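See below for the structure under consideration.
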Protein chains: 2
Amino acid sequence: MDIEAVMRTKAEEARKASRKLGVLSTSVKNKALMAMADVLEKRSAMILAANEQDLEDARQKGLKRSYLDRLMLNETRIRQMAEGLRQTAALPDPVCQGNYSTIRPNGLEIRRVRVPLGVIGIIYEARPNVTADAAGLCLKSGNAVILRGGSEAIRSNTAISSLLAQAAYENGIPEGALQFVEITDRAAVDVMTHLSGLLDVIIPRGGAGLINHIVKNSSVPVIQTGTGVCHTFVDDSADQDMAIRIAVNAKTSHPSVCNAMETLLVHEAVADEFLPKLVEAMQAKKVELRGCASCQAISEAFLPAAEEDWSTEYGDLILSVKVVRDIDEAIAHINQYNTGHSESIVTRNLTNAHRFQREVDASAVYVNASTRFTDGFEFGFGAEIGISTQKLHARGPMGLEELTSMKYLIYGEGQIRE
Amino acid sequence: MDIEAVMRTKAEEARKASRKLGVLSTSVKNKALMAMADVLEKRSAMILAANEQDLEDARQKGLKRSYLDRLMLNETRIRQMAEGLRQTAALPDPVCQGNYSTIRPNGLEIRRVRVPLGVIGIIYEARPNVTADAAGLCLKSGNAVILRGGSEAIRSNTAISSLLAQAAYENGIPEGALQFVEITDRAAVDVMTHLSGLLDVIIPRGGAGLINHIVKNSSVPVIQTGTGVCHTFVDDSADQDMAIRIAVNAKTSHPSVCNAMETLLVHEAVADEFLPKLVEAMQAKKVELRGCASCQAISEAFLPAAEEDWSTEYGDLILSVKVVRDIDEAIAHINQYNTGHSESIVTRNLTNAHRFQREVDASAVYVNASTRFTDGFEFGFGAEIGISTQKLHARGPMGLEELTSMKYLIYGEGQIRE
């Protein structure tokens, strides 16, 4: 098979469809999303059969349990996918939303409105629900989409995407707007990341390895998402009970996600008092603790932290802890090792809260709250395609607005420039 | 010289400075910009002497007159650079401007504010005024900047940038925030485009060759600017006198800039009547005309247009003209050949005006006005670092806001996620 030719054809079809999709009415898009939701529920048996084959293969390959869990579908998860599509249908359409308007001294009326990006490529790994989530968000925001899921979920994704595409096209979405890549060969990703002029952006969703590979090699613009080395800094003025609650929540409520805490920093003035309480609370949750020399001097519970611990996203019940001299060292440490995701300070000191928020370089900077809130739903956007950890275009949780660009519309009456 | 090491050091110094610059008060930044303006005027003799050497070399190399004109400085142009810096000082500071704010049901207060991008790389060609313009806009928006100008302007740029840096640092701008690359070897550009993690974005300013090279090769995110294959479509209902005025202005008022028209499309129902008038007006301005077969059948003034004419940015007194069946063909032609810059329709028909604005894919879409207005000053932004022709991050004229990213600031009282 000529992978290059197959991928190019998909992208050209998507681009052609995107011209029509970009000006499609909100009501047609919503109706299609509702039909897509219905078909997933109605044909759940077909999806589950395909998923069972994927799971069987994965088990035979000896993939680990957390991986199998991400791959696994059941009636509940299919219902959640369908509900996600219905919620997306209920969100405001970002297309044509205006956010700047002026009249110039020469009488030119200028306004700026949101327009779709065009064609979005999504490259993702095990979770088959991304197929439905991403398709729904892209279509609602007027974008054609090319979906490239992981090879281990190929049967589940093929079943879901073929059902979605059929329902979409039967309900007014332009043919070609929803492309799924059935090619499991990795070469398909490399072709996709070089279709400049056909794809407007690629959003990778998955582990750091996948994302770094795409960022380094893509000539199509990329939005980096989801790597999170998140910190909590316990200031000397912190309410320590609050700090413990926040730390335990940030570390243990869902350790595998990107907004979970990986490193806790504590002000040296309160380390003696705070660390024993932290050790007790974290051990009760079976968290492995790795600490700097000062931590180890305070409690035997700490294994020694190596330099690489400070830049590691464990995604697991492991926490690195460091005692710092003051807020300056805390901010400097975070700005050196973080991935620009989510950072939190626990403090009663207004000046320190303000300095931390201004000087820490990250998409979300918290005062007295858990980093776990960085999420499109928690922020009130109603949906999320990922969490951008870069600064260009979008930063933080990306909802429908972040899947749009802008366009200036100018009305004149024959104006010419002197 | 180890170019890689020199460039990396510059970038590291810029990044370090950017941390302080990002939280610097507006008044300090403005004072520094005023001092930078003053020093250019006060030391104009030094700048002009350096510029004269650049010009002498360029003449000996036999570079053409339009190039020498871009390179040339005089007292007036230096005064304009200084005025540009003063105008930038007078603009509102975008840093910390809020554009989203909410309180969530759990009591979390979330707001989104503008923050600097960090370190911006500018790669440009002949015009030495870019050195001052770019430095001023980047510093005002809280960004450190690495400037890499063309080798032909190396002495002029070195003089300007050293004066600017000294004035800036003497007035509170953190040392290192303004980096100039004295290395004329092209390898410096290739190193610069691979300093991921140190540079947040690269903005190339110059010809299509420079821009394409950087877009294809950079692993640092790039904002594409300035290539303009702009169209004017004369609809069958157009006020033809207005159409002539707009066409002449769009083609001839400044043919070398990116918002000048390159192709005119005319509805076949009015081609017989309109084209002779267009020929007369364009010939009076010494414009060479290249047309499709229908144009040639109507007037002998048209040379035959080849396929490549439709995608050529002449930047000169040349215009390609095509007769189209209807607005559908006009929109399809534009979406096939344009560069996403500026497009205009001349019409009295409301439906066609609306369709043209919605369906044409470009950063600025005009009704009854010249494409020449696409410009930060004309749009009311007070300044411009370039005109983005891409969809990600910024589209159209880029002012100070487009040199910023965003950050979410979240205030809690101990909230944890269920």
Side-chain angles (χ1 to χ4, degrees), chain A residues 19 22-23 102 104 108 110 112 115 117-118 196 200-201 215-216 219 221-223 239 242 245-246 248-250 253 335 353 357-359 361-370 372-374 378-380 390-393 395-397 405-418, chain B residues 19 22-23 96 102 104 108 110 112 115 117-118 196 200-201 215-216 219 221-223 239 242 245-246 248-250 253 335 353 357-359 361-370 372-374 378-380 390-393 395-396 405-418:
Chain A
R19 301 274 183 217
V23 293
T102 187
R104 300 294 302 153
L108 278 184
I110 302 179
R112 187 173 62 197
V115 295
L117 286 167
S196 315
D200 293 285
V201 62
V215 167
K216 275 205 185 133
S219 61
V222 174
I223 297 179
D239 174 333
M242 182 196 285
R245 279 199 308 276
I246 287 174
V248 168
N249 183 261
S253 60
N335 284 341
Q357 287 201 318
R358 281 213 76 187
E359 296 179 26
D361 192 10
S363 74
V365 189
Y366 292 81
V367 171
N368 295 334
S370 166
R372 288 276 294 108
F373 287 107
T374 305
E378 293 294 335
F379 276 23
Q390 65 176 39
K391 290 189 188 169
L392 227 55
H393 186 72
R395 205 176 190 204
S405 179
M406 297 181 303
K407 180 193 235 178
Y408 288 92
L409 305 179
I410 305 105
Y411 301 88
E413 293 178 309
Q415 280 88 341
I416 58 173
R417 188 160 169 193
E418 301 306 321
Chain B
R19 301 274 183 216
V23 292
C96 269
T102 188
R104 301 292 303 154
L108 278 184
I110 302 180
R112 187 173 63 196
V115 294
L117 286 167
S196 316
D200 293 284
V201 61
V215 168
K216 273 202 186 135
S219 61
V222 174
I223 298 181
D239 173 334
M242 181 196 285
R245 280 199 308 278
I246 287 173
V248 168
N249 182 262
S253 60
N335 283 341
Q357 287 201 318
R358 282 212 75 185
E359 295 179 26
D361 190 10
S363 74
V365 189
Y366 292 82
V367 171
N368 295 333
S370 167
R372 288 276 292 106
F373 287 106
T374 305
E378 294 294 336
F379 275 23
Q390 66 176 38
K391 291 189 188 168
L392 226 55
H393 186 71
R395 202 176 192 203
S405 179
M406 296 182 304
K407 180 193 236 178
Y408 287 92
L409 304 179
I410 305 104
Y411 302 87
E413 294 177 310
Q415 280 87 341
I416 57 172
R417 189 162 168 190
E418 301 307 320

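On a predicted model such as this, the values are computed, not experimentally measured, just so you know. So that the names make sense, note that chain A is the first sequence line, chain B the second, and so on, each numbered from 1.
- Residues that satisfy the salt bridge (Lys or Arg N to Asp or Glu O under 4.0 Å) test with A:R245, not counting sequence neighbours, are absent from this structure.
- A:S196 has its side chain out of reach of B:K216: every pair of non-hydrogen atoms, C-beta onward, lies at least 4.5 Å apart.
- Interface remark: A:V201 contributes side-chain atoms only to the contact with chain B (heavy atom separation under 4.5 Å).
- Across all non-hydrogen atoms, the minimal contact from A:A369 to B:G412 is CB-CA, 4.3 Å.
- Within the 4.5 angstrom heavy-atom criterion, only side-chain atoms of A:I110, from C-beta onward, approach chain B.
- For a residue to count as touching a neighbouring chain, one of its non-hydrogen atoms must lie under 4.5 Å from one of that chain's; by this rule A:V248 does not touch chain B.
- Summarising the geometry, atom CG belonging to B:D200 is positioned 8.5 Å from atom CG belonging to A:L392; distances are rounded to the nearest 0.5 Å.
- Residue A:A362 touches chain B through its backbone alone, counting heavy-atom pairs closer than 4.5 Å.
- Of all heavy-atom pairs between B:Y408 and A:P397, the closest is CE1-CD, 4.1 Å.
- Nearest heavy-atom pair, A:K391 versus B:S405, reported as atom, atom and distance to 0.1 Å: O-OG, 2.8 Å.
- Taking B:Q390 as the reference, nothing meets the side-chain hydrogen bond (donor to acceptor under 3.5 Å, both in side chains) condition, with sequence neighbours excluded.
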task = Test side-chain hydrogen bond (donor to acceptor under 3.5 Å, both in side chains) on B:Y366 and A:Q415 and set out the steps.
result = CA-CA 10 Å; B:Y366 292 82; A:Q415 280 88 341; over 6 Å; no
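- With chain B as partner, the option from A:V367, A:I223, A:L108, A:V215 having the largest number of non-hydrogen pairs under 4.5 angstrom is A:V367.
- Both the backbone and the side chain of A:R395 have a heavy atom closer than 4.5 Å to some heavy atom of chain B.
- Looking at A:E359, both its backbone and its side chain come within 4.5 Å of chain B, counting heavy atoms on both sides.
- Residue B:G414 comes nearest to A:I246 through the heavy atom pair CA-CD1, 4.0 Å, listed as atom of the first residue, atom of the second, then distance.
- In terms of non-hydrogen atom pairs under 4.5 Å with chain B, the most contact-rich of A:S363, A:A353, A:A250 is A:S363.
- Across all their heavy atoms, B:R19 and A:D361 have their closest contact at NH1-OD2, 3.0 Å.
- Under the 3.5 Å distance criterion, the side-chain polar atoms of B:R417 are matched with a main-chain donor or acceptor of A:R372.
- If you measure heavy-atom distances from A:D239 to chain B, you find no contacts under 4.5 Å at all.
- Heavy-atom distances place the side chain of A:T102, and not its backbone, under 4.5 Å from chain B.
- Among A:M242, A:R104, A:M406, the residue with the largest count of heavy-atom pairs under 4.5 Å with chain B is A:R104.
- In terms of heavy-atom pairs under 4.5 Å with chain B, the best-connected choice from A:Q357, A:E413, A:E418 is A:Q357.
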